[in-house]
Amino acid sequence: MKHINYWSIEALQLFVVLLCCIGLQQLCGNWAVAIGVSVSVYISVLLWRLWQVVQWLERGLPDNFTPTGYGVINALVKQMVAYKKNREQRHQQQQATVQQVTDIITAMPSATVILNQHNEIEWANYPALLLLGIDSNTDIGINITSLLRQSKFIKQLGKMLDKKASREFEMVSPVNADITLMIQLAKYTDDKWLLLAHNISSHIENQNSKKTFIANASHELRTPLTVITGYLEFMQSDPKLPKSLRTPVKKSLQQSANMCSLVEDLLTLSRLESKTLDKSALVQIDAQQHLNGILQTLNANNKLADYKISQSVSEGLTLHAVPKELDSVCYNLINNALKYSEKGTEIRIVWEKINKKHIKFSVTDNGIGIAPEHIAHLSERFYRVDSGRSRRVGGTGLGLSIVKHIIERHNGHLEIHSRFGEGSTFSVILPVKI
Ligand code: ADP
């Protein structure tokens, strides 16, 4: 409605100009002079008011200078005043949101630091002082690497900048060696990085006490289990064993063998978790010789006879690894292929070089395969797609967990490709040299 009013007023003004024009013509008797004078006055007034608006705009739309008047120019001024109000309101809302977010981040128990593309600190909350020793009063503008000098941090920061991808790693607090931090580095705009540090000491402590408990319990179980298995084996081999006891003894022996495997796997995992890789234990290993040894042992245990085993090893392929740990990786993957495939099917084992720095060990079977939703969880402890089947074939649910641990200690990773009902390929990618 207002819009129409402004135009009506403008039309009224034009009508007045027209009347003036007619009046002037009556006075001077000349249409050209009358029109010229009337239009000039009208345009001059319009220009003067426009000049006022431009001045007002140049001063940033101050309230006390708002041009007044009638007609379309006033409509323009009103629109601009409304726009300014709207902008101010939005600005206030944004400021309130920013303040709210700042308050939340400041109140968070985790340290939060904002870095620019030169790794200089732009902002830090109070926990950053307690956990990282970064003081928001004195350290703004300082390169973070001159405050957090730990080589692990500098390396991870460099990797994140190189790959422009988020990183997550554990680190001891530079302020207090008893505090373990989980550091998360993430890019949140083109030239800004966010560093979050969470205190995970109590979580680590809990995990450590759980691990110690499992290691101690497994250790305590080992001796009695060995004794029980020994007696059961002795009973089974006794020809005088009553017929009625043969099946129970056989089943008990099977169960105690499963228990022994479980205890051994738990102890292996505890050992792997409690010690970092001892680099002096790394040995140069010939892939072909190593595979021959593994296949011989499996053959001796009569495990391979029912399957078609094929192998391919790139000539002269060698790698650096801890021999016992590499044995464990290969046994676990080949044993799984045997356990989860039908007799008579083919199992293919390959050692190959995939690029200058990496080699791959893969075991492919044509067995039961794995549905996609399980694949990401297979290396979790005790994760089994079908626990009944796994137990029946002597599985503990820890094999892939052990494999993953060992590979990661060797700076490698595990890849799993599988199709349910068709078969699986488990591949281990390892660096030629650690
Ligand atoms: P398990 O001792 O039960 O075999 P693992 O940790 O070795 O434990 O494997 C975890 C689970 O992954 C197994 O229970 C099985 O369901 C699945 N799995 C492992 N290897 C294969 C394979 N080659 N084919 C199909 N399923 C497999």
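Position 1 is the first residue of the sequence, and the numbers go up from there. As the structure lists them, so they are numbered: ligands from 1, and atoms in each ligand from 1.
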Is there a donor-acceptor contact under 3.5 Å linking the side chains of Q156 and E168?
->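 Absent: no donor and acceptor within the cut-off.
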
Report yes or no: do T189 and D191 form a side-chain donor-acceptor pair below 3.5 Å?
->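 Result is yes, a qualifying pair exists.
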
Mind running side chain to side chain contact (heavy atoms under 4.5 Å, CB included) on V283 and H320 for me, showing each step along the way?
-> CA-CA 5 Å; V283 173; H320 271 84; over 6 Å; no

Using 4.0 Å as the upper bound for N to carboxylate O, is an ion pair formed by E170 and K152?
->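 Not counted as a salt bridge, because no side-chain N and carboxylate O are separated by less than 4.0 Å.
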
For the pair D365 and R348, find out whether any cationic side-chain nitrogen is under 4.0 Å from an anionic carboxylate oxygen.
->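 Result for this pair is no, no salt bridge flagged.
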
Is the F65 to W56 ring centre distance short of 6.0 Å?
->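 No; W56 has its ring centre 6.0 Å or more from that of F65.
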
Closest non-hydrogen protein atom to [atom], residue and atom name please, with distance?
atom                    : result
atom 6 (O) of ligand 1  : L400 N, 2.8 Å
atom 21 (C) of ligand 1 : Y340 CD1, 3.5 Å
atom 12 (O) of ligand 1 : L378 CD2, 3.4 Å

Taking N or O atoms only and a 3.5 Å limit, does [X] qualify as a polar contact for ligand 1?
X    : answer
S390 : yes
D365 : yes
G399 : yes

Compute the minimum heavy-atom distance from N332 to ligand 1 and say whether it is under 4.0 Å.
->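 No, that is not the case, since the closest heavy atom of the residue is not under 4.0 Å from the ligand.
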
Take every heavy atom of S424, measure it against each atom of ligand 1, and state whether any distance is under 4.0 Å.
->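 S424: in contact with ligand 1 (<4.0 Å).
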
Heavy atoms only, cut-off 4.0 Å: how does [X] contact ligand 1, side chain, backbone, both, or neither?
X    : answer
F426 : side chain
K339 : side chain
V403 : neither
I370 : side chain

Enumerate the atoms of ligand 1 whose separation from the nearest heavy atom of G395 is less than 4.0 angstrom.
->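 Close to G395: 1 (P), 2 (O), 3 (O).
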
